[in-house]
2 protein chains.
Amino acid sequence: MTKSSTAAKPRQRSTAAPTGREIRTGVVAFKQARILEEAAALFFEKGYEAATLEMLADRLSATKPFLYTYFKGKAAILCAICELGVTESLAALDRIAETERTSIDLLKASLREVAKIIIDRNEYLVVYQREMMNLDRTDAQRILRLRHEFDLRIGKMIEDCVRDGYITVPDAPAMSIWIGGLLSWITYCYRPGSSRSGDAVADQAMKACLRLIGLD
Amino acid sequence: MTKSSTAAKPRQRSTAAPTGREIRTGVVAFKQARILEEAAALFFEKGYEAATLEMLADRLSATKPFLYTYFKGKAAILCAICELGVTESLAALDRIAETERTSIDLLKASLREVAKIIIDRNEYLVVYQREMMNLDRTDAQRILRLRHEFDLRIGKMIEDCVRDGYITVPDAPAMSIWIGGLLSWITYCYRPGSSRSGDAVADQAMKACLRLIGLD
DNA sequence: AGAAGGCATTACCCGCTAGTATATTTTTCG
DNA sequence: CGAAAAATATACTAGCGGGTAATGCCTTCT
């Protein structure tokens, strides 16, 4: 999370460093995380505009100005939420990439992991897709670049698999976009507490992606 | 479009029938359609809550109360928009079904036609997916039933193809959901005036669907 | 031409919410 | 302990947007 415009003022103690600075920043981070968590849940069920900061404050057993201590405003909270889902997916891609295996296993593992994250961070991603348009131009573009990077990396993995002769696809970059579509669709068929477990849906999604690139 | 709760009061001339009744109703329908058209565009770019009726009125070079003559309120406008995309897709399915051919050709033609509609009614469908939650419980359920009917019919077509030995899929009903996902994803990769033409995207989407059911 | 009534507009209200200035509590540390 | 400052709460404002009378215009038929 770039703290660029999202975080507001955990205002520095002007003079000397008093009590545990590290603890302080940790506490701040925790509070911000809690706010985001609850905000994502709220935005998810009410929608961004319909949700009020008062509701959010109530859920946290706090008050509106409390929120303004940790975020510049409503828009900043939304921005942080939108960013989180995407960055986490990219981080997962990085993490998996280290576990080097064959290109096809790497692709499979990546898809499965991302599917898991999508289910885990369900609310964040739904909010992102839905409320994107409420972001500032600059924030929206920054996050979109991250999304594109994701597609690019999936595309690269597919191409690697093609190179290694595991699969055959006509147009890898295009295909990566459709894979992105399948993965995003998870958010629509998985609802927490539905009949199908998260793992089952993740598995199904991954299988669908594999079929898409001609693997059964 | 069920006029149940969406249309408001084109209030009947109480006594006798004066001028061209048919023309009258036609004009009313036209105005409603224009409102929906512009509303869809507006909701698409601003989001439902952020869009104001004043903006909508301005786009139509009219005023707020004008809108209230033809729709019960903001929610009714949204409802009509949401309904339109889905019903049109179902109608297309009906239309294609009459052109009876082999089951596989029927499936292909249906997918292509629906893809076209999705591109055509892009804004309506994006608004539907995004703003669903702002609908009344009852309206939301009615529209959701239509969506399910769509999935069911696609699933049926797939099963027919399997029966006729054209393709092999492990779980047709589940697969129809993923196909729905791919089709919906069109709305995210197609933007009017983008580099790829609508037809090209529709074609790509259809091909992706076919790969999903194991056809190349 | 002139009444009658529908169609659209101007002008208004009410409720709500993002954001803020001010007060109060709680923590920190000499 | 007690003062300073940091953290949180209370109380308020300003402006906006959905919805609604009240009003005027313009068609239409006699």
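Note that the structure is a prediction, hence the values are computed from the model and not measured. The chains referred to below are lettered A, B, ... by the order of the sequence lines, with proteins before strands, and numbering in each begins at 1.
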K.L.:
What is the distance from CZ of B:F71 to P of D:dG18, rounded to the nearest Å?
P.N.:
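Between P of D:dG18 and CZ of B:F71: 16 Å.
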K.L.:
Which nucleotide in the list D:dT10, D:dG18, C:dA18 gets nearest to the side chain of B:L53?
P.N.:
D:dG18
K.L.:
Nearest to the side chain of A:Y70, heavy atoms from C-beta on, is which of C:dA18, D:dG18, D:dT8?
P.N.:
D:dT8
K.L.:
Counting any heavy atom closer than 4.0 Å, what does A:F66 reach on the DNA or RNA strands: base, sugar-phosphate only, or nothing?
P.N.:
sugar-phosphate
K.L.:
Measuring from atom CD1 of A:I77 to atom SG of A:C82, what distance do you get when rounded to the nearest 0.5 angstrom?
P.N.:
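Rounded to the nearest 0.5 Å, the CD1-SG separation comes to 12.0 Å.
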K.L.:
Check this for me: does any side-chain nitrogen of one of B:E149 and B:R153 sit under 4.0 Å from a carboxylate oxygen of the other?
P.N.:
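Salt bridge: yes.
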K.L.:
Report the residue (A:K31 or B:E49) whose heavy-atom-nearest nucleotide on DNA chain D is the more 5′ of the two.
P.N.:
A:K31
K.L.:
Are the charged groups of A:R34 and A:E38 less than 4.0 angstrom apart, N to O?
P.N.:
yes
K.L.:
Is it the case that the base of C:dA18 and the side chain of A:K64 share a donor-acceptor contact (distance under 3.5 Å, atom types as modelled)?
P.N.:
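Answer is yes: a donor-acceptor pair is held.
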K.L.:
Would you kindly give the NZ-to-P distance between B:K74 and C:dG15, to the nearest whole Å?
P.N.:
19 Å
K.L.:
Can you tell me the distance, in whole Å, between the NZ atom of A:K46 and the P atom of C:dA18?
P.N.:
14 Å
K.L.:
Just call it for A:A75: base, sugar-phosphate, or nothing, with non-hydrogen atoms closer than 4.0 Å on any strand.
P.N.:
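Answer is nothing: A:A75 stays at 4.0 Å or more from every strand.
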K.L.:
Mind calculating the distance between CG (B:L78) and P (D:dG19) to the nearest angstrom?
P.N.:
12 Å
K.L.:
Is any side-chain N of the basic residue among B:K156 and B:E159 closer than 4.0 Å to the acidic one's carboxylate O?
P.N.:
no
K.L.:
Compare the minimum distances between each of C:dT20, D:dG19, C:dT17 and the side chain of A:P65, then state the nucleotide with the smallest one.
P.N.:
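Nearest listed nucleotide: C:dT20.
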K.L.:
Does any N or O in the side chain of A:K108 come within less than 3.5 Å of the main-chain N or O of A:L210, such that one atom is a donor and the other an acceptor?
P.N.:
no
K.L.:
Starting from P on D:dG17, measure out to CG on B:L56 and report it in whole angstrom.
P.N.:
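Those two atoms, CG and P, are 13 Å apart.
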K.L.:
Across the strands shown, which category fits A:A57 at heavy-atom distances under 4.0 angstrom: base, sugar-phosphate, nothing?
P.N.:
nothing
K.L.:
Please determine whether a side-chain nitrogen or oxygen atom of A:Y68 lies at a distance below 4.0 Å from atom OP1 or OP2 of D:dT8.
P.N.:
no
K.L.:
Nearest whole Å is fine: how far is D:dA7 P from A:L67 CG?
P.N.:
15 Å
K.L.:
Starting at the 5' end of DNA chain D and moving along, which residue's nearest nucleotide shows up first, A:E54 or A:T63?
P.N.:
A:T63
